[in-house]
A.B. asks: 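Here it is, the structure in full.
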Amino acid sequence: LITVQRAYEELESEGVIRRQHGLGTFVSDNGMARSAQLIEQEAAEFFRKALDRAREAGMGDREIKRLFNHILKEEGEWK
């Protein structure tokens, strides 16, 4: 219960949802766009960490790009 409450509070503070006492919880008018923005920021952080690890392993930009493109091709295009 506390975890769920914290999740709701975090989503509300990030502007994804809004709570109305007695009525419920709703996605904010800009909630979907805000949610997409937060996901993009999270993905960018994962990419930065992966880039740091690849460089720590001695990979150069060309190798990193080749690996990333290979993974994209393996996964197929998201639609």
Side-chain angles (χ1 to χ4, degrees):
L1 182 63
I2 292 172
T3 303
V4 173
Q5 184 174 346
R6 284 186 190 150
Y8 274 104
E9 288 170 357
E10 187 173 326
L11 289 170
E12 187 174 30
S13 72
E14 292 171 349
V16 176
I17 63 170
R18 59 183 168 80
R19 294 190 277 184
Q20 289 184 292
H21 184 69
L23 293 176
T25 303
F26 306 92
V27 175
S28 299
D29 292 338
N30 66 341
M32 294 302 288
R34 183 70 182 127
S35 180
Q37 181 183 28
L38 292 170
I39 290 169
E40 185 175 331
Q41 288 172 353
E42 185 177 303
E45 184 60 29
F46 283 125
F47 286 141
R48 283 186 191 94
K49 288 179 182 178
L51 181 59
D52 288 344
R53 296 282 293 165
R55 288 193 172 135
E56 287 172 4
M59 294 176 71
D61 287 352
R62 182 174 285 172
E63 292 171 295
I64 293 167
K65 288 176 186 177
R66 186 175 59 239
L67 177 59
F68 185 77
N69 287 329
H70 176 74
I71 292 169
L72 278 175
K73 286 179 185 176
E74 277 183 352
E75 293 295 317
E77 188 174 325
W78 283 52
K79 295 184 181 189

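Bear in mind that the values here come from a model prediction, so they are computed numbers and not experimental data.
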A.B. asks: Listed by chain and number, what are the side-chain hydrogen bond (donor to acceptor under 3.5 Å, both in side chains) partners of Gln37, not counting sequence neighbours?
C.D. replies: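 Gln37 satisfies side-chain hydrogen bond (donor to acceptor under 3.5 Å, both in side chains) with Arg34 once adjacent residues are dropped.
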A.B. asks: Which other residues end up in the same hydrophobic cluster as Leu23, if Ile, Leu, Val, Met, Phe, Trp and Tyr are linked when side-chain heavy atoms come under 4.5 Å apart?
C.D. replies: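 Noted: Leu23 shares its cluster with Phe26.
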A.B. asks: Quick one: list whatever passes side chain to side chain contact (heavy atoms under 4.5 Å, CB included) with Ala54, sequence neighbours left out.
C.D. replies: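 For Ala54 the side chain to side chain contact (heavy atoms under 4.5 Å, CB included) partners, ignoring immediate neighbours, are Met59, Ile64.
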A.B. asks: Answer with yes or no whether the hydrophobic clustering places Ile39 together with Val27; edges join I, L, V, M, F, W, Y residues whose side-chain heavy atoms lie under 4.5 Å apart.
C.D. replies: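 No, no single cluster joins them.
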A.B. asks: Quick check: are there more than 12 heavy atoms from other residues, nucleotides or ligands sitting under 6.0 Å from CD of Glu40?
C.D. replies: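 Incorrect, the count does not exceed 12.
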A.B. asks: According to the salt bridge (charged side-chain N to carboxylate O under 4.0 Å, His left out) rule, which pairs have a member within residues 51-61, sequence neighbours left out?
C.D. replies: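 Pairs touching residues 51-61 that pass the test: Arg53-Glu56, Arg55-Asp61.
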A.B. asks: In terms of hydrophobic clustering (I, L, V, M, F, W, Y; side-chain heavy atoms under 4.5 Å; direct or indirect links), are Leu51 and Leu67 co-clustered?
C.D. replies: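 Shared cluster, yes.
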A.B. asks: Quick one: do the Gln5 and Glu9 side chains pair a donor with an acceptor below 3.5 Å?
C.D. replies: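 Yes, a side-chain donor-acceptor pair sits under 3.5 Å.
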A.B. asks: Provide the full list of ring-ring contact (aromatic ring centres under 6.0 Å, His included) pairs with a residue in residues 32-59, sequence neighbours left out, each pair given once.
C.D. replies: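 Output for this query lists Phe47-Phe68.
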A.B. asks: How would you list all residue pairs meeting side chain to side chain donor-acceptor pair (under 3.5 Å) that involve residues 10-28, not counting sequence neighbours?
C.D. replies: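 Qualifying pairs, neighbours excluded: Glu12-Arg19, Arg18-Gln20.
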A.B. asks: I'd like to check the ring-ring contact (aromatic ring centres under 6.0 Å, His included) partners of Tyr8; sequence neighbours left out, ordered by chain and number.
C.D. replies: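 None.
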A.B. asks: Can you sort out the partners of His70 under side-chain hydrogen bond (donor to acceptor under 3.5 Å, both in side chains), two or more places apart, ordered by chain and number?
C.D. replies: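 In terms of side-chain hydrogen bond (donor to acceptor under 3.5 Å, both in side chains), with neighbours along the sequence ignored, His70 is linked to Glu74.
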